[in-house]
Amino acid sequence: MNSIGRVTQLKADFFNRDPRRVARELLGKLLIRKTSRGVLAGRLVETEAYLGQGDDAAHSAAGKTARNAVLFGPPGYAYVYFIYGNHYCLNVSCLPEGVAGGVLFRALEPVAGIDQMAAARGLDFANESDVDTQKISFLKKIASGPGRLCEALNVTRERVNGKSFMSPRSDLRLVDDGFHVRRISVTPRIGIIKSAGYPLRYFVAGNPFVSGNSRFNNATSPSI
DNA sequence: ATATCGATTATCT
DNA sequence: GATAATCGATATG
């Protein structure tokens, strides 16, 4: 029930496309991370697209810097940034070298290594309020939100920025296990001021591990 | 269930 | 010096 069967790792061609299409098609894919304490994995249920041009919310909007260089590099590499003095956020670069674009990973449905991820998040299995580890209310605390996702998977800029998602035996991989997403919802992106309003947030409709709350999760526009 | 607010630092103006 | 692709705690309905 908890094992991952036959899988296909995503290749450069998958990422070498418009971030909106990549963001949409990443839903349902597995993000796999290896640590000294075992294999961690989750299914992507929420993403956001960040475009290179005309998207003032994107870190790449003002041009290439040391911080955002990965977004301008080849497709399929991890861009990790630190935000609000507290949190890391994980993205994958899209589009060919020289053209900026990326997808932010906002939420995972936990699949494997759940106890390790919970521990990395500081969640306590022995705590009375957390004692039912099968409950969605507990599992939702693991990786529902971009900062939580990074903490659960031991992702920091120092460890992960610039790393490929496409190497066969890497400790950071994106794979297709054949899971089919039924329906996708689209809303504006969360937590941004500039270029707000564009429908560039994608999530699996009805999935309980999507971040935010009802006020964010009413789908508006259809998109690509 | 929803709203508000403080934490804390890399990056850019 | 201001800002930020967030989170968790607290307060209130």
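The model shown is predicted, which means the values in this text are computed figures rather than measured ones. In what follows, chains carry the letters A, B, and so on, assigned in the order in which the sequence lines appear, proteins first and then strands, with residues in each chain numbered from 1.
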Practice problem: Report, as a single string ordered 5' to 3', how protein heavy atoms within less than 4.0 Å touch nucleotides 8-13 of chain C: B base, S sugar-phosphate only, - not at all. | Solution: S-----
Exercise. Compare all side-chain heavy atoms of Ser185(A) with those of Phe203(A) and state whether any distance is below 4.5 angstrom.
Key: yes
Quiz item: Tyr88(A) OH to dA5(C) C1': how many Å, rounded?
Solution: 16 Å
Self-check item: Proximity of Tyr81(A) and Tyr50(A) rings by center, below 6.0 Å
Solution: no
Quiz item: Which residues pass the salt bridge (Lys or Arg N to Asp or Glu O under 4.0 Å) test with Arg43(A), sequence neighbours left out?
Solution: Asp177(A)
Practice problem: Could I get the full list of side-chain hydrogen bond (donor to acceptor under 3.5 Å, both in side chains) partners for Thr35(A), not counting sequence neighbours? | Solution: none
Quiz item: Does a side-chain heavy-atom distance below 4.5 Å link Leu27(A) with Asn207(A)?
Solution: no
Quiz item: Does Lys140(A) have any side-chain hydrogen bond (donor to acceptor under 3.5 Å, both in side chains) partners at least two apart in sequence or in another chain, and if so, which?
Solution: none
Exercise. Compare all side-chain heavy atoms of Tyr202(A) with those of Val181(A) and state whether any distance is below 4.5 angstrom.
Key: no
Quiz prompt | Reported CG-to-NZ distance for the pair Leu26(A) and Lys29(A), which is rounded to 0.5 angstrom | solution = 7.0 Å
Exercise. Using a 3.5 Å limit on both pairing distances, list the dot-bracket string of DNA chain B from the 5' end; Watson-Crick and G-U wobble pairs count, crossing pairs take [ ], interstrand pairs take |.
Key: |||||||.||||.
Quiz item: Reading nucleotides 5-12 of chain B from the 5' end, what letters show protein touch, with B for base, S for backbone sugar-phosphate only, - for no heavy atom under 4.0 Å?
Solution: --BBBSSS
